[in-house]
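Reading through the structure tokens given below for one structure.
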Amino acid sequence: MDVNQPKQEHLLALKVMRLTKPTLFTNIPVTCEERDLPGDLFSTLMKDDPSTVKGAETLMLGEMLTLPQNFGNIFLGETFSSYISVHNDSNQVVKDIQVKADLQTSSQRLNLSASTAVVSELKPDSCIDDVIHHEVKEIGTHILVCAVSYTTQTGEKMYFRKFFKFQVLKPLDVKTKFYNAESDLSSVTDEVFLEAQIQNITTSPMFMEKVSLEPSIMYNVSELNTVITNGDGCSTFGTKTYLQPLDTRQYLYCLKPKPEFAEKAGVIKGVTVIGKLDIVWKTNLGERGRLQTSQLQRMAPGYGDVRLSIETIPDTVRLEEPFDITCKITNCSSERTMDLVLEMCNTNAIHWCGVSGRQLGKLHPSSSLHLTLALLSSVQGLQSVSGLRLTDTFLKRTYEYDDIAQVCVVSSKLQAES
């Protein structure tokens with residue numbers, strides 16, 4: 001819409017039209033029963049209508065295209081295209097014509113003109129045409145400012161502007177959730193799962209062309225949205241990747257730290273940058289849109305000064321028979337050396353084999369050591385491994401580790417039969 005009109009009459013006329021894809025023409029079928037007064041009149045007219053599909057006249061289908069009837073909606077991530085035409089409505093030759101198109105957003109002003117060169121003259125009934133394109137990256141109010149300057153035959157310099165205001169809407173609602181790996185065996189590698197919920201908040205269906213996660217330099221990413229069948233990958237959403245209005249789809253990704261970062265204790269802690277989502281979709285007749293989220297951040301779990309994790313443990317063990325587990329002890333401090341002592345406390349079901357209170361020696365900052373321990377269970381069923389204590393003799397501080405892993409305990413007889 002025009003915000004202001006020029007007060008004086010100009011020799012040139014400015015017209016601006018948004019360029020969008022056409023839409024398929026739809027019919028509204030009007031039918032009646034044969035015994036009604038019109039008889040077969042309506043069906044005959046629909047069969048003769050060139051806009052209907054032959055053999056399916058009663059369906060709201062069409063084979064013709066309709067040009068845009070209004071400005072329409074513009075969504076974030078789409079490309080705004082506009083046709084600008086300056087026409088000489090007078091009977092005079094106009095000289096030194098310059099057309100400039102700027103886009104004013106809430107934060108910046110952008111020049112969209114393909115060329116700012118001055119046209120030497122414009123004869124009567126002639127025009128200057130230009131097509132501008134801009135990928136919309138902000139939501140809210142946008143104003144297209146079109147300015148025209150020229151010189152009349154008498155040498156008078158003329159100038160006028162027109163303003164076209166439009167709103168940029170949000171097409172998708174994106175929500176993310178982070179999940180730490182539940183098993184302590186996998187938490188050794190600091191695995192994290194990202195769930196991205198994407199909802200179509202427009203009024204028309206979308207074809208989801210691509211949804212990918214671009215990880216930061218610290219992580220490698222595995223996409224978990226494909227099922228491998230007979231060597232071929234098939235999307236978990238099926239062959240039809242359309243997202244209807246107000247429908248939501250969940251995408252899942254697994255991120256693992258790169259080896260050079262995973263081996264350095266304490267590097268991945270606090271707020272870490274995971275990466276960003278890249279979403280590409282298509283709407284009416286293949287009109288393309290693309291969005292990239294800002295960098296996704298996650299609060300890494302804190303392990304304190306000393307981290308104890310399980311490297312290897314059997315899934316199933318025999319009742320009252322010793323088995324081995326391998327532990328990894330890491331000094332998460334970046335500047336303090338520790339002198340550690342290991343104590344093993346028995347529980348009702350778990351009994352440790354070996355000497356409690358053994359000296360592990362000094363552990364330097366950001367370094368690790370591996371330890372093999374033996375234990376047995378006196379109770380059948382799923383049992384939690386608990387009862388490890390690490391004491392730093394320098395600070396006289398004790399760290400307790402319970403429920404660090406689980407193991408299934410069966411009787412020797414059952415395991416022999418199986």
Side-chain angles (χ1 to χ4, degrees), residues 1-26 51 62-92 94 96-106 108-119 121-150 158-171 202-204 206 281-290:
M1 58 176 288
D2 293 352
V3 178
N4 59 318
Q5 298 288 343
K7 295 182 179 180
Q8 66 182 119
E9 187 175 349
H10 284 275
L11 304 179
L12 303 181
L14 172 66
K15 294 183 178 180
V16 177
M17 182 178 70
R18 182 192 174 194
L19 299 179
T20 58
K21 298 282 187 180
T23 56
L24 288 171
F25 179 78
T26 57
S51 64
E63 295 180 318
M64 293 186 175
L65 298 176
T66 304
L67 292 176
Q69 303 298 306
N70 50 47
F71 194 81
N73 293 325
I74 300 179
F75 293 100
L76 183 69
E78 294 182 342
T79 299
F80 169 70
S81 300
S82 185
Y83 167 71
I84 300 175
S85 178
V86 177
H87 187 268
N88 187 353
D89 289 344
S90 69
N91 56 4
Q92 305 178 25
V94 179
D96 302 331
I97 306 99
Q98 187 176 29
V99 183
K100 187 178 180 182
D102 291 340
L103 186 63
Q104 178 70 54
T105 69
S106 59
Q108 58 183 334
R109 188 183 182 104
L110 303 168
N111 179 23
L112 303 184
S113 300
S115 174
T116 57
V118 176
V119 179
E121 66 175 23
L122 187 64
K123 296 180 180 180
D125 289 330
S126 298
C127 61
I128 301 173
D129 299 324
D130 191 14
V131 177
I132 58 175
H133 304 279
H134 173 67
E135 185 179 347
V136 182
K137 298 181 180 179
E138 296 182 41
I139 60 174
T141 303
H142 287 57
I143 302 176
L144 180 63
V145 184
C146 297
V148 179
S149 61
Y150 61 95
M158 305 294 288
Y159 175 83
F160 68 93
R161 291 188 303 175
K162 280 191 175 182
F163 301 86
F164 303 89
K165 182 185 294 186
F166 59 91
Q167 295 290 329
V168 175
L169 306 177
K170 185 179 177 182
T202 69
T203 57
S204 59
M206 285 184 177
W281 70 91
K282 289 182 179 178
T283 54
N284 177 45
L285 292 181
E287 197 155 4
R288 195 168 182 264
R290 180 183 181 184

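Computed over heavy atoms, backbone and side chain alike; hydrogens, waters and symmetry mates excluded.
- Using a 4.5 Å cut-off on side-chain heavy atoms (C-beta onward), Ile97 and Ile128 make contact.
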Would you mind writing out the side-chain donor-acceptor pairs for residues 73-82 within the sub-3.5 Å range, not counting sequence neighbours?
unit_1	atom_1	unit_2	atom_2	d
Glu78	OE1	Phe75	N	3.3
Ser81	OG	His133	ND1	2.7
Ser82	OG	Met17	O	3.2

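- Thr283 is linked by a side chain to side chain donor-acceptor pair (under 3.5 Å) to nothing, counting only residues two or more places apart in sequence or in another chain.
- Residues satisfying the salt bridge (Lys or Arg N to Asp or Glu O under 4.0 Å) criterion with Lys123, sequence neighbours excluded, are absent altogether.
- By the 4.5 Å heavy-atom criterion applied to side chains, Leu103 and Ile132 are not counted as neighbours.
- Checked against salt bridge (Lys or Arg N to Asp or Glu O under 4.0 Å), Arg290 has the following partners two or more places apart in sequence or in another chain: Asp278.
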Apply side-chain contact (heavy atoms from CB on, under 4.5 Å) to residues Asp125 and His87 and explain how you reach the verdict. CA-CA 7 Å; Asp125 289 330; His87 187 268; 3.8 Å; yes

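- For Asn88, the side chain to side chain contact (heavy atoms under 4.5 Å, CB included) partners two or more places apart in sequence, or in a different chain, are Leu12, Ser90, Val94, Leu122, Pro124.
- With sequence neighbours left out, Ala13 forms a side chain to side chain contact (heavy atoms under 4.5 Å, CB included) with Asp89.
- Between the OG1 atom of Thr203 and the CG atom of Leu169 there is a distance of 9.5 Å, given to the nearest 0.5 Å.
- Using a 4.5 Å heavy-atom cutoff, the side chains of Gln92 and Leu11 are in contact.
- The shortest side-chain heavy-atom distance between Cys146 and Val16 falls under the 4.5 Å cut-off.
- With sequence neighbours excluded, the residues that form a side chain to side chain donor-acceptor pair (under 3.5 Å) with Lys282 are Glu209.
- Distance check: Glu138 CD to Thr105 OG1 gives 3.5 Å after rounding to the nearest 0.5 Å.
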Residues Leu285, Leu65; criterion side-chain contact (heavy atoms from CB on, under 4.5 Å); working and verdict: CA-CA 10 Å; Leu285 292 181; Leu65 298 176; 4.2 Å; yes

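- Here the CG atom belonging to Leu110 is positioned 11.0 Å from the CG atom belonging to Leu144, to the nearest 0.5 angstrom.
- Residue Ser126 holds its OG atom at 10.5 Å from CG of Asp129, rounded to the nearest 0.5 Å.
- In this structure, the side chain to side chain contact (heavy atoms under 4.5 Å, CB included) partners of Asn111, at least two apart in sequence or on a different chain, are Lys100, Asp102, Ser113, Thr116.
- Taking the side chain to side chain donor-acceptor pair (under 3.5 Å) definition, one finds that Gln167 meets it with Thr141, sequence neighbours left out.
- With sequence neighbours left out, Asp96 forms a side chain to side chain donor-acceptor pair (under 3.5 Å) with no residue at all.
- Every residue was checked against the salt bridge (Lys or Arg N to Asp or Glu O under 4.0 Å) condition with Lys15, not counting sequence neighbours, and none meets it.
- Taking CZ of Arg288 as the reference point, atom CD of Glu135 lies at 8.5 Å (rounded to 0.5 Å).
- Counting heavy atoms from C-beta outward, Tyr150 and His10 have side chains that approach closer than 4.5 Å.
- Taking His142 as the reference, Phe166 meet the ring pair (Phe, Tyr, Trp, His ring centres under 6.0 Å) condition, with sequence neighbours excluded.
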